[in-house]
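Supplied in structure tokens, the structure appears directly below.
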Amino acid sequence: MSATGGRTDHPLRMLFTTQPASGHLRPLVPVAQAARERGHDVAVLAPDCMRAELDSYGLRHVTGGYDWRMEAWRLLPRDYGELTFDEAAEACMATGAPLTRSFAGHIARATARDILDLAGTWRPDLIVRELDEMGGYLAAEALEIPHVSIASFGGLDQVTGEALGPILDEGRRELGLVPDPSGTRLYHYLHASFLPEAYGEAELILPNTRTYRHPNAEQRYGRLPEWLADLDHDRPFVFAGFGTVVYALPGSEEFVAEVIDALGELDANAVLAVGSRGDELAYGPVPENVRLVRFIEQSLMLEGADLFITHGGLNSIKEALRPGIPMVALPVLEDHRHNAEQLARIGLSKTVGLHEASAASIADACAEVLTTPSYRAQARRLQRHIHAQPSLAQLIDDMELVVREATAPAPAPA
């Protein structure tokens, strides 16, 4: 490995850290894969519930971190299972701020302890964390090694250094670190975003942010079904998918059923993902132009789509922006709503609010986006901005440079 540019002359140990959720892991996956292909020794620390997913991406899993999922469940109302879809979404959004504080508090401290234990036998040179995972930051500070963060959601006001510094300071005190109440160390080295400046300044507010071209996270054996090639190519192709969290909400079946009915009103071929734990047969007969699937490689589907119906999760919209696909957004949770506002401001998406979502309103929005050229034109414009960003190889160079600069000997006094 050469020492030119940002490249090191020896392999580095890079530890990636994530919260126990697919949407948090996925932004890390292509970065970890690229670092491994560069020749670095890469591992991903996450609770054991993430093992199978990490294996599907061909990444080495190290068990560690704090599995907070039951704690999140206890933040919900006792009658959560009986709520409507709209009410459940509001209840989930109410847990956002308390969870973020916990991510910076006891969850980060527990994860940091696991990383420090690991460092006794496998000491990393660099920790790369998704934005909501902050134990990696604390451990890196204690180990006196650099740390890099990767954007994993939209709307960053709650994760600024100013907002989280006082909470993280309890972990710093526990580890014998000097206080940092303003959080200046949290983004001291590098924060990587996969959205260009043209998307909006709201995603660029964190210090030391650099933007890169979005890479998709694809599973090792991912492929599309052959029957897709037999669809009528004279009609538009619409894909609808809603991440992972949305399908777990009470009443999500009724929400999905409305989308199915909306798709049936379109003069288009449509595929709708009902979730990896969903049941295609639960929705009974569907319109002739609609096909239901449980799981499908979304990024591959979007490369041939004319329209994407989405909940507005950051991973999903990046996967649609890369091939320049216009969208209809049905935002469910708080970060989804922030992202939908950004897309609508740019003019490449039409938003249907959750309280107004019906088969008729969704179908009308889809018809408008499909028949109004400006939506496609704005999506293609932003696509070109994305393709003008530095590559993933440049991010790996920059991560290597961060390590080189952090470990360089101090200059001799004059």
Side-chain angles (χ1 to χ4, degrees), residues 16-28 44-54 61 63-115 129-138 149-160 163-164 166-168 170-171 242-253 255 275-278 311-316 331-339 354:
F16 289 72
T17 62
T18 179
Q19 297 290 5
S22 295
H24 292 258
L25 169 64
R26 277 170 59 198
L28 295 180
V44 182
L45 181 136
D48 200 58
C49 61
M50 303 298 291
R51 180 182 300 276
E53 187 169 359
L54 283 163
H61 174 239
T63 300
Y66 191 99
D67 190 345
W68 43 263
R69 291 174 298 167
M70 287 304 298
E71 289 185 18
W73 182 259
R74 289 194 289 270
L75 292 173
L76 296 168
R78 290 188 176 181
D79 62 347
Y80 176 73
E82 302 169 13
L83 299 181
T84 66
F85 186 68
D86 294 13
E87 292 168 342
E90 295 295 330
C92 284
M93 284 196 293
T95 70
L99 268 180
T100 298
R101 291 193 294 270
S102 295
F103 289 163
H106 69 281
I107 294 173
R109 297 196 297 274
T111 300
R113 289 192 290 270
D114 287 347
I115 296 170
R129 63 182 186 89
E130 58 90 3
L131 196 52
D132 253 347
E133 198 298 291
M134 290 167 250
Y137 151 74
L138 289 175
S149 55
I150 306 291
S152 50
F153 54 87
L156 307 178
D157 291 343
Q158 293 189 26
V159 293
T160 63
L164 297 179
I167 306 171
L168 288 163
E170 187 171 345
F242 303 102
T244 53
V245 174
V246 171
Y247 297 109
L249 297 181
S252 62
E253 295 85 358
F255 170 74
S276 59
R277 297 183 180 179
H311 63 303
L314 187 64
N315 292 318
S316 292
V332 177
L333 303 180
E334 187 170 2
D335 60 316
H336 307 159
R337 299 179 188 189
H338 167 85
N339 297 335
L354 200 57

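No hydrogens, no waters, no symmetry mates; every other heavy atom, side chains included, goes into these values.
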Establish, yes or no, whether a centroid distance under 6.0 Å links the rings of F153 and H338. no
Applying ring pair (Phe, Tyr, Trp, His ring centres under 6.0 Å) between F103 and each of Y137, Y66, W68, report the one that passes. W68
A side-chain contact here means heavy atoms from C-beta on lying under 4.5 Å apart; do L333 and M93 qualify? yes
Between T111 and I107, is there a donor-acceptor pair closer than 3.5 Å when you use the side chain of the first and the backbone of the second? yes
Closest non-hydrogen atom pair, L164 against M134: CD1-SD, 3.4 Å
E53 and S22 side chains, donor-acceptor separation under 3.5 Å: yes
Minimal heavy-atom distance between P27 and A151, with the atoms involved, is CB-O, 3.6 Å
For a quick test of reading the model, state the closest non-hydrogen atom pair linking P77 to A91 and the distance between them. CD-CB, 3.8 Å
Any side-chain heavy-atom pair from E90 and L354 closer than 4.5 angstrom? no
Is the shortest side-chain heavy-atom distance between D67 and D48 below 4.5 Å? no
If I compare all heavy atoms of S152 with all of L131, which pair ends up nearest, and what's the gap? OG-N, 3.3 Å
Here the pair of heavy atoms bringing G65 nearest to L45 is N-CD2, 3.6 Å
Would you call T100 and V159 a side-chain contact if the rule is heavy atoms closer than 4.5 Å? yes
For N339 and G313 the tightest heavy-atom approach is ND2-C, 3.9 Å
Should C92 and L76 count as side-chain neighbours, where that means a heavy-atom distance under 4.5 Å? yes
Within-4.5 Å side-chain heavy-atom neighbours: E334 and Q158: yes
Would you call H24 and T18 a side-chain contact if the rule is heavy atoms closer than 4.5 Å? yes
With a 4.5 Å limit on heavy-atom distance, are the side chains of P47 and R69 in contact? no
Side-chain (E87) to main-chain (T84) donor-acceptor, under 3.5 angstrom: yes
With under 30° as parallel and over 60° as perpendicular, where do the rings of F255 and F85 fit, or are they tilted in between? parallel
